[in-house]
Amino acid sequence: LDDIIDDDARVGEVIRRMRALVKKEAPRRDAVDLNETIWETIALVRSTSLLEGLNIRAELDNDLPTARGDQVQLQQVTLNLLMNAIEAMKDTPLGSRRLIVKTSLANDRTAMVAVTDSGKGIDENVMERLFEPFFTTKTEGLGMGLSISRSIIKAHGGRIWAENNREGGSTFSFTLPLNSGEQS
């Protein structure tokens with residue numbers, strides 16, 4: 001019951017923050033522990049990942065300073081990337097499904113999050129359209145997840161991009177400014 005209550009509160013907060021995003025309100029600028037945000041998001045998809053036959057590996061920089069932003073919106077971006085990665089591996093043999101989430105410093109003012117999967121990768125013909133509204137490669141998709149994610153990251157002063165991995169699969173990465181006062 002506690003999980004249901006927590007999930008209900010989280011969904012309500014996500015809806016409130018998404019409304020703020022649509023209204024073009026500035027996102028919150030709190031100190032956000034990206035590692036904590038990622039652990040919380042992984043917990044949200046743990047049952048889905050187990051059902052899909054994969055473990056999510058977190059390679060988090062323990063010395064990562066806090067980023068500046070809205071934790072709920074950043075959790076929504078991370079959740080979208082994790083769910084897309086899980087979906088991208090649905091045709092990958094069970095023993096080959098790998099999902100890795102990494103945090104690191106991109107430079108002395110910027111944090112980076114990367115979500116890497118071992119799926120089939122992204123068709124080069126659609127790569128430049130991935131973040132367009134209503135563009136989807138999924139039969140059940142609406143084409144809004146990556147577009148909203150891009151809007152959130154852009155509103156936070158970061159950037160988001162995708163690339164295919166040499167060994168197969170793809171990596172979606174985003175950057176965020178570090179919280180003022182904690183820049184190295």
Side-chain angles (χ1 to χ4, degrees), residues 1-22 27-62 64 66-92 94 97-104 111-119 130-131 136-156 158 160-162 169-176 179:
L1 286 175
D2 286 340
D3 285 347
I4 292 170
I5 291 168
D6 290 344
D7 286 348
D8 182 56
R10 189 188 72 76
V11 168
E13 190 62 20
V14 166
I15 291 169
R16 191 177 72 68
R17 302 272 175 94
M18 292 306 291
R19 282 181 161 170
L21 180 68
V22 170
R28 293 177 60 150
R29 299 291 186 188
D30 302 324
V32 176
D33 181 335
L34 286 174
N35 291 340
E36 178 184 319
T37 301
I38 286 168
W39 280 122
E40 289 174 1
T41 309
I42 288 172
L44 292 172
V45 299
R46 185 153 323 277
S47 60
T48 301
S49 67
L50 293 174
L51 289 172
E52 294 293 331
L54 64 97
N55 285 319
I56 300 173
R57 189 170 84 214
E59 297 178 2
L60 308 180
D61 180 346
N62 292 326
L64 190 68
T66 58
R68 189 177 65 235
D70 183 320
Q71 183 170 5
V72 171
Q73 287 185 356
L74 297 175
Q75 194 173 49
Q76 192 63 36
V77 171
T78 306
L79 180 62
N80 184 55
L81 297 181
L82 290 175
M83 294 305 292
N84 284 353
I86 291 169
E87 171 76 16
M89 293 186 287
K90 71 177 188 244
D91 295 328
T92 302
L94 285 179
R97 294 179 184 183
R98 293 180 317 279
L99 180 52
I100 302 167
V101 184
K102 294 182 184 179
T103 59
S104 61
M112 185 167 77
V113 175
V115 176
T116 301
D117 69 62
S118 60
L130 283 177
F131 297 96
T136 185
T137 59
K138 300 177 191 175
T139 55
E140 306 275 325
L142 297 176
M144 292 303 296
L146 289 174
S147 175
I148 290 170
S149 294
R150 182 182 63 181
S151 295
I152 290 170
I153 295 302
K154 189 175 179 181
H156 279 76
I160 187 170
W161 68 96
S170 61
T171 299
F172 282 78
S173 303
F174 64 87
T175 59
L176 294 167
N179 191 37

Close side-chain approach of [X] to [Y], heavy-atom, < 4.5 Å:
| X | Y | answer |
| --- | --- | --- |
| Asp117 | Ser170 | yes |
| Thr116 | Lys102 | no |
| Leu74 | Ile153 | yes |
| Val45 | Met83 | yes |
| Val32 | Asn179 | no |
| Thr78 | Phe174 | yes |
| Val77 | Ile148 | no |

| message | Which heavy atom of Arg68 sits nearest to which heavy atom of His156, and what is that distance? | response | O-CD2, 3.8 Å

| field | Closest heavy-atom pair and its distance - Ala88, Thr92 | value | O-OG1, 4.3 Å

| said: Restricting to side-chain contact (heavy atoms from CB on, under 4.5 Å), what partner residues turn up for Arg150, sequence neighbours left out? | reply: Phe131, Pro133, Ile160

| query | Is Arg97 atom CZ crowded by more than 12 heavy atoms from other residues, nucleotides or ligands, each under 6.0 Å away? | reply | yes

| remark: Across all chains, not counting sequence neighbours, the side chain to side chain donor-acceptor pair (under 3.5 Å) partners of Thr175 are none

| remark: Across all chains, not counting sequence neighbours, the side chain to side chain donor-acceptor pair (under 3.5 Å) partners of Lys90 are Glu87

| said: Exactly one of Leu99, Leu79, Ile56 should register a side-chain contact (heavy atoms from CB on, under 4.5 Å) with Ile42. Which one does? | reply: Ile56

| Got a donor-acceptor contact below 3.5 angstrom from the Thr103 side chain to the Asp61 backbone? | yes

| field | Reported CD-to-CG distance for the pair Gln76 and Leu44, which is rounded to 0.5 angstrom | value | 9.5 Å

